[in-house]
Amino acid sequence: TMTMLDSDRLASRFPAFNDVISQTHLERKNEITGLYRDFARFLDGKIKDGRLKALVMTNLETSCMYATKAIDDELIAKEN
């Protein structure tokens with residue numbers, strides 16, 4: 001059977017950002033996490049619960065983390 005992750009759980013894994021940063025930077029980070037969240041919802045509805053689904057979600061979360069970190073690193077490089 002497939003159990004859907006609830007919205008709160010998905011939001012905690014793929015959070016929106018409220019950092020005190022430029023609006024453009026914030027929008028880019030939120031756009032990326034929103035796309036990851038949408039993809040996570042899609043996969044959640046298509047993959048049965050189990051070890052592989054957990055691995056999919058964990059690796060998607062890791063990928064999201066690195067994608068938003070890349071945006072942060074770009075901003076830091078511009079400031080230095």
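For clarity, every value in this text was computed on a predicted model and none was experimentally measured.
Of the inter-residue distances, the one linking N59 atom CG with C64 atom SG reads 12.5 Å to the nearest 0.5 angstrom. Note that CE of M65 is 10.5 Å distant from OH of Y36, once rounded to the nearest 0.5 Å. Atom OG1 of T68 is separated from atom CG of D73 by 9.5 Å, given to the nearest 0.5 angstrom. Separating the CZ atom in R37 from the OG atom in S7 is a distance of 9.5 Å, to the nearest 0.5 Å.
Note on L35 and V56: separate hydrophobic clusters, where clusters join Ile, Leu, Val, Met, Phe, Trp and Tyr whose side-chain heavy atoms are under 4.5 Å apart, directly or indirectly. When hydrophobic clusters are built by joining Ile, Leu, Val, Met, Phe, Trp and Tyr residues whose side-chain heavy atoms come closer than 4.5 Å, directly or via intermediates, Y66 is not grouped with L60. If you chain together hydrophobic residues whose side chains sit under 4.5 Å apart, M57 and F39 fall into the same group.
You'll find the side chain of N30 stays beyond 4.5 Å of the side chain of E27, heavy atoms only. The side-chain heavy atoms of R28 and E74, taken from C-beta on, include a pair separated by under 4.5 Å.
Panel note: side chain T33, backbone K29; a donor-acceptor pair is recorded below 3.5 Å. Of the possible donor and acceptor atoms, one in the side chain of K53 sits under 3.5 Å from a partner among the backbone N and O of I47.
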Q) When you look at T58 and L55, which way does the side-chain contact (heavy atoms from CB on, under 4.5 Å) test go after all the steps? A) CA-CA 5 Å; T58 297; L55 286 170; 5.6 Å; no
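Between H25 and D72, the shortest heavy-atom distance links the atoms NE2-OD1, 2.9 Å.
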